[in-house]
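Written out below as structure tokens is the structure these notes cover.
Every chain is numbered from 1 and lettered A, B, ... according to where its sequence line falls, protein lines coming before strand lines. Bear in mind that the values here come from a model prediction, so they are computed numbers and not experimental data.
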Amino acid sequence: MDGIARLLSNPVLLVDRTGAVLDLNEQARTLIASPVPARASEIFEPSDRLAEIMSRATGTSDPVLGALYIRTRGGERRHFRTRVLAMRSGGTLQIAIQLLDKDSDAFSDLSRRITAFNREVAVRRAVYSRLEKTLARNIDLFRELQHREKNHLQMMLSLFSIARREAREPGEQALVEKFELKLRAICEAQQIMHTDDDPGGVAGAALVTALTRLFRERAGEAVTIDVDAEAVRVSNETAFSLALIVNELLSNAVEHGMSGSGDHIRVALHRAGEDFELAVSDNGPGFTPAEPTRRSTGLGLVRGLCQHLGGAMNISGDAGTCVRVRLSGRL
Amino acid sequence: MSWQDHYSATNGSDESGRVPGGARHGADPGAAGNSWRILIVEDNWLISIELEIALSQAGFEVVGIATNMTDAVRLCEMMQPEVVLMDIRLAGGDDGIDAAIEIRQRYSIPSILMTAHGDPATRERARQAEPLGWIVKPIASIDLVRRLKEIRRDSD
């Protein structure tokens, strides 16, 4: 037996080009049935694969990898990976067949891991692809819903606008205008909510500023309207109520809080602990609030919205009017 | 004349593209100087009617209303408006941005784009149309008129 083959811990057989067994190391002797068969084809199965591996090995100076079954000394049929090397010495060709236990082979173990990994990658790719498609569909759906929502609001604005133009009586026209303003306030809140990156809330300062803009033209150039708004986040649910509240308070200030000269309205939004406080004040004649009888407009609506949101409203009417509304700042 | 009367008078056929032929809506005092000739391209009937009345009352001249791309292009050729007020979603699945690009390239008429989505992706897509401005829906008529005046002033 070749000295190097003896050093190897795996079973090794030496055969000639015809497949006759020339020698085998101790590990091979322990493994293979005794007496050792004369031909490799009597040791390995299937014989055609053995012939093919040997043929490939004789065509190269590199080891050729393969897999064969062997009938062991105990009669067991075991599967081995094989490494087959053709060695030329002088004019003779000898072929070494090294047996690598398939189950304990590091390469095989790695191969199994790679196969499992590839399978997992394939599954993840399929899931990822499905998620991407679902996400794209959901984005389309979301945009479609947004589009519908905005178009419907636009249609309602158009209806109010048309109704206002067609109103014959001044009182009728004023009533339509009041509800048109409420809808515009809701539209402003909706617009800010959609443009805000944070899905959990709305920038209170932006909302108050946008709503105040609606009243600048309505109040006229002689009236100054100041906004002092802190960077307060308002929950989406509260934002729409806040928009209606600001709208009502500004409507009241413009309608009832003007004395005719030097008129001034101030809108303030500040944090108050975990809450926030909105204050709309004017320097008009002031008034003593009566218990509101209507819930659809004016202070009745403000009070109702405050109560619904667990907030509070306070009115002082001595020097001008100041309405303070305190609402929860929880998002 | 109410909007209903007006619509009957100007929409005597089933064609989606139409040219106002009845009396002009009474323009508000102080509306002089807004005489931009505008083509409205909007597939929602109610919104288009309101736009037409609001713009006419503000002193703009509405030369027609189209609901789809084909009519928009046809009315541009026929009426030669100075500007097109173009909704991005049109009837029959037509795209307002495509229509605005076509009109810009064929007749050098600019558009003002109306959209529910003022997002950067939409604006990027519309760059080729060289829009004069953007109007984000929903918008009240008073704000729309104000915005159009601003755009007109800026484009002069």
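Expressed to the nearest 0.5 Å, how far CD1 of B:Ile142 lies from CG of A:Leu214 amounts to 9.0 Å. The distance from atom CG of B:Leu51 to atom OG of A:Ser158, rounded to the nearest 0.5 Å, is 6.5 Å. Within the model, atoms NZ of A:Lys150 and CE of B:Met114 stand 14.0 Å from one another, a figure rounded to the nearest 0.5 Å. Between A:Ser161 atom OG and B:Ile49 atom CD1 the span is 12.5 Å, to the nearest 0.5 Å.
If you measure heavy-atom distances from A:Arg143 to chain B, the contacts under 4.5 Å come from both the backbone and the side chain. Of the atoms belonging to B:Ile139, heavy atoms from both backbone and side chain fall under 4.5 Å from chain A. Proximity to chain A is absent for every atom of B:Asp87, based on heavy atoms less than 4.5 angstrom apart. For A:Leu183, no part lies under 4.5 angstrom from a heavy atom of chain B.
Taking a 6.0 Å sphere around OH of A:Tyr128, one finds it holds 12 or fewer heavy atoms contributed by other residues, nucleotides or ligands. Annotation: A:Glu237, atom CD; neighbour count of heavy atoms from other residues, nucleotides and ligands within 6.0 Å does not exceed 12. A 6.0 Å sphere centred on CZ of A:Arg324 holds no more than 12 heavy atoms belonging to other residues, nucleotides or ligands.
When each of A:His194, A:Gln191, A:Glu188, A:His152 is scored by its heavy-atom pairs under 4.5 Å with chain B, the top score falls to A:Gln191.
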Next on the checklist: I'd like to know whether A:Met155 forms a side-chain contact (heavy atoms from CB on, under 4.5 Å) with B:Glu50, so could you lay out the CA-CA distance, the side-chain angles of the two residues, the decisive distance to 0.1 Å, and finally the verdict.
Outcome noted: CA-CA 9 Å; A:Met155 286 171 71; B:Glu50 167 55 16; over 6 Å; no
Next on the checklist: side-chain contact (heavy atoms from CB on, under 4.5 Å), that's the test. Do A:Arg213 and B:Asp143 meet it? Break it down for me.
Outcome noted: CA-CA 10 Å; A:Arg213 187 177 48 78; B:Asp143 294 322; 3.9 Å; yes
Next on the checklist: Could you walk me through whether A:Arg165 and B:Ser141 satisfy the side-chain contact (heavy atoms from CB on, under 4.5 Å) test, starting with their C-alpha distance in whole Å, then the side-chain angles of each, then the deciding distance to 0.1 Å, before giving a yes or no?
Outcome noted: CA-CA 12 Å; A:Arg165 279 196 205 93; B:Ser141 303; 4.3 Å; yes
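For the pairing with B:Ile47, the side-chain contact (heavy atoms from CB on, under 4.5 Å) check across A:Asn151, A:Leu159, A:Leu157 returns one residue only, A:Asn151. Considering A:Glu149, A:Arg184, A:Gln190 as possible partners of B:Pro138, the one that fulfils the side-chain contact (heavy atoms from CB on, under 4.5 Å) test is A:Gln190.
Proximity to chain A among residues 122-137 of chain B is limited to B:Thr122, B:Val136, B:Lys137, judged by heavy-atom separations below 4.5 angstrom.
Remark: A:Ala167 pairs with A:Glu172, A:Gln173 by the side chain to side chain contact (heavy atoms under 4.5 Å, CB included) rule, at least two apart or across chains.
Within the 4.5 Å cutoff, the side chain of A:Thr195 has no heavy atoms near those of the B:Asp119 side chain.
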